[in-house]
Amino acid sequence: MGFEEARALLRKWRDEKERRSDEVLDVWANILEGKAHRLGDETWLVYEQVFIASLDCNQISTAGDCLRMLIDKFGNTNRVMKLRAMKDEAVGDFEGAVETYERILEKDKNDSASKKRLIAIHKAKNNTRDAIDELVKYLDVFSTDTEAWEELCDLYLLEQDYSKAAFCMEELIMANPHNHVFYQKYAEIKFTEGDGKNMEIARTNFAKAVQLNPGNLRALYGFLLAAANLVSSKDKKNNARYSAWAGQKVVEFYSNHCPQKKEMAKKVVDAILENLKLA
C-alpha cells in the first residue's frame, strides 16, 4: 500500500466513523508516521485518529506522542482538552480527567461530549447511582439523545429499578416506533416485573416486535412465554391460541434456519405447552 492509498483509507474510515483501531495503527506505523508532513490539512485529523486508536489498543506511548503534537499546534482548546482527559481515563487517572472535563464545562456548560464522559467515569468507578443522577440531568437538557436513554435504562436495570427502566424504553419507542429491539426490550422488562397487567403489556410488545421483524426469535419466545403465563387469566382461550401459534413459529424458525436444532426446539416448545396443558 502506498502513501496516497493509506491516506485515502484513513479518510474513508473517518468519514464513515469506523474506528478500525488495529488497522489504523498498522497503517500509521508502517506507512504514514514518517511522512506525516505530507498530509497537509489532514495532518491533525490523522493525529487525532491515531490518538484515539492508540487509546483503544492501549498504546499509551503513541497516544502521548500524538497528543503532544496536537497541543503544540492548537494549545488547550476544548477539543484538545477532551483528548487529554481521555488519555487520563485510559491510564486510570479519573480525578485528572474529571478536573479537565469540569474545566471544559465551565467554558461551555452544554458540551454534551464532556457530560457523557463524566457519566462514563462514574460507571467505570462502579458509582451507578451517581451515573444515574448525572444522566438524568443530562437528559433534562438533551432529551432527544436516544443513546443516553438506552444507557439510563441499562443503569436502572443494574439497580433492578424496573419501572424506571420501562419508562426509558417508552421514551425510546416514542422516538423510534419502528425499532423492533426497543419493543422487545420493553416487553422483557414488563415480563420481569410480572403480575397480570405487566404480563399483558409484555405479550403485546413481544407481538409488536415480531410484527416488525418476524425473524426475531427472542421476541417469538417471549411472546410464547408471556401468552403461556396468561393462560390462567380470564382470556384463556386466546392466550392458549397465541401460545400454540408462537410455538409453531419457533419450530418453523429452527426448521428453516437451524434444522439440526429443530427437534430440540420442538421438545422445548412441547414441554412448555404440556406444562400448561395446551398440548
Side-chain angles (χ1 to χ4, degrees), residues 128 132 135 139 144-279:
T128 304
I132 288 173
L135 198 44
L139 283 166
T144 59
D145 188 332
T146 55
E147 288 184 355
W149 282 111
E150 288 186 75
E151 184 65 36
L152 184 58
C153 176
D154 289 340
L155 291 173
Y156 279 134
L157 290 176
L158 285 176
E159 294 285 290
Q160 298 183 16
D161 194 339
Y162 298 115
S163 61
K164 290 181 180 177
F167 175 82
C168 294
M169 293 312 303
E170 289 166 0
E171 291 288 328
L172 287 165
I173 287 171
M174 285 193 294
N176 190 346
H178 302 293
N179 188 321
H180 68 99
V181 176
F182 290 165
Y183 288 98
Q184 173 200 307
K185 188 169 183 176
Y186 180 53
E188 290 171 350
I189 294 169
K190 302 307 286 186
F191 186 96
T192 303
E193 285 188 279
D195 80 43
K197 182 63 176 176
N198 285 321
M199 199 60 67
E200 288 181 11
I201 295 172
R203 184 198 63 194
T204 299
N205 283 275
F206 278 130
K208 183 64 176 179
V210 172
Q211 180 187 25
L212 290 170
N213 180 10
N216 187 334
L217 182 61
R218 186 173 176 130
L220 270 173
Y221 263 123
F223 182 68
L224 167 61
L225 293 172
N229 271 279
L230 287 166
V231 165
S232 59
S233 71
K234 60 183 180 181
D235 197 10
K236 179 176 180 177
K237 182 177 179 180
N238 278 331
N239 281 305
R241 183 164 55 87
Y242 297 150
S243 297
W245 176 86
Q248 178 186 352
K249 291 297 180 182
V250 167
V251 173
E252 286 179 5
F253 180 93
Y254 277 99
S255 179
N256 293 331
H257 300 283
C258 192
Q260 67 272 27
K261 294 186 177 181
K262 175 185 174 182
E263 289 305 315
M264 178 198 72
K266 189 174 187 307
K267 287 179 181 178
V268 171
V269 169
D270 287 346
I272 294 172
L273 300 180
E274 181 64 31
N275 287 340
L276 294 162
K277 299 181 180 179
L278 295 174

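Just so you know, these numbers come straight off a predicted model, no measurement behind them.
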Minimal non-hydrogen separation, [X] against [Y], with atom names:
X	Y	result
Gln184	Ala209	N-CB, 3.9 Å
Leu212	Pro177	CD1-O, 4.0 Å
Ala226	Phe206	CB-CD1, 4.3 Å
Lys262	Tyr254	CA-CB, 3.9 Å
Pro214	Leu220	O-CD1, 4.1 Å
Ala187	Asn205	CB-CB, 3.7 Å

Glu193 vs Lys190, test: salt bridge (charged side-chain N to carboxylate O under 4.0 Å, His left out). Steps then yes/no.
CA-CA 5 Å; Glu193 285 188 279; Lys190 302 307 286 186; 3.0 Å; yes
Identified side-chain contact (heavy atoms from CB on, under 4.5 Å) partner of Ser243 from the options Val269, Ile272, Leu224, Leu225
Leu224
Would you please name every residue forming a side chain to side chain donor-acceptor pair (under 3.5 Å) with Lys208, sequence neighbours left out?
Gln211
Show me the donor-acceptor pairs, under 3.5 Å and distance only, between side chains in residues 144-151 and residues at least two apart or in other chains.
unit_1, atom_1, unit_2, atom_2, d
Asp145, OD1, Glu147, N, 3.1
Asp145, OD1, Ala148, N, 3.1
Asp145, OD2, Lys116, NZ, 3.0
Asp145, OD2, Tyr138, OH, 2.6
Trp149, NE1, Ser143, O, 2.8
Glu151, OE2, Lys123, NZ, 2.6

For Lys261 and Val268, what are the C-alpha separation, side-chain angles and deciding distance, and is it a side-chain contact (heavy atoms from CB on, under 4.5 Å)?
CA-CA 11 Å; Lys261 294 186 177 181; Val268 171; over 6 Å; no
Point-to-point distance, once rounded to the nearest 0.5 Å, from [atom1] of [X] to [atom2] of [Y]:
X	Y	atom1	atom2	value
Lys267	Glu263	NZ	CD	7.0 Å
Leu158	Cys153	CG	SG	10.0 Å
Leu135	Tyr156	CG	OH	8.0 Å
Cys258	Met264	SG	CE	7.5 Å
Lys197	Glu200	NZ	CD	6.0 Å
Arg241	Lys236	CZ	NZ	15.0 Å

Any heavy-atom pair between the side chains of [Y] and [X] that's under 4.5 Å?
X	Y	answer
Gln160	Tyr162	yes
Glu188	Arg218	yes
Ile189	Leu157	yes

Look at the rings of Phe223 and Tyr242 and say which category their plane angle falls in: under 30° parallel, 30 to 60° tilted, over 60° perpendicular.
tilted
Verdict with reasoning, Tyr186 to Ile201, per side-chain contact (heavy atoms from CB on, under 4.5 Å)
CA-CA 9 Å; Tyr186 180 53; Ile201 295 172; 3.8 Å; yes
Which is it for Met199 and Asn239 under the side-chain contact (heavy atoms from CB on, under 4.5 Å) test, yes or no, and what are the steps along the way?
CA-CA 11 Å; Met199 199 60 67; Asn239 281 305; over 6 Å; no
In terms of side-chain geometry, is the basic nitrogen of Glu252 or Lys249 positioned less than 4.0 Å from the acidic oxygen of its partner?
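A salt bridge is present here (some side-chain N lies under 4.0 Å from a carboxylate O).
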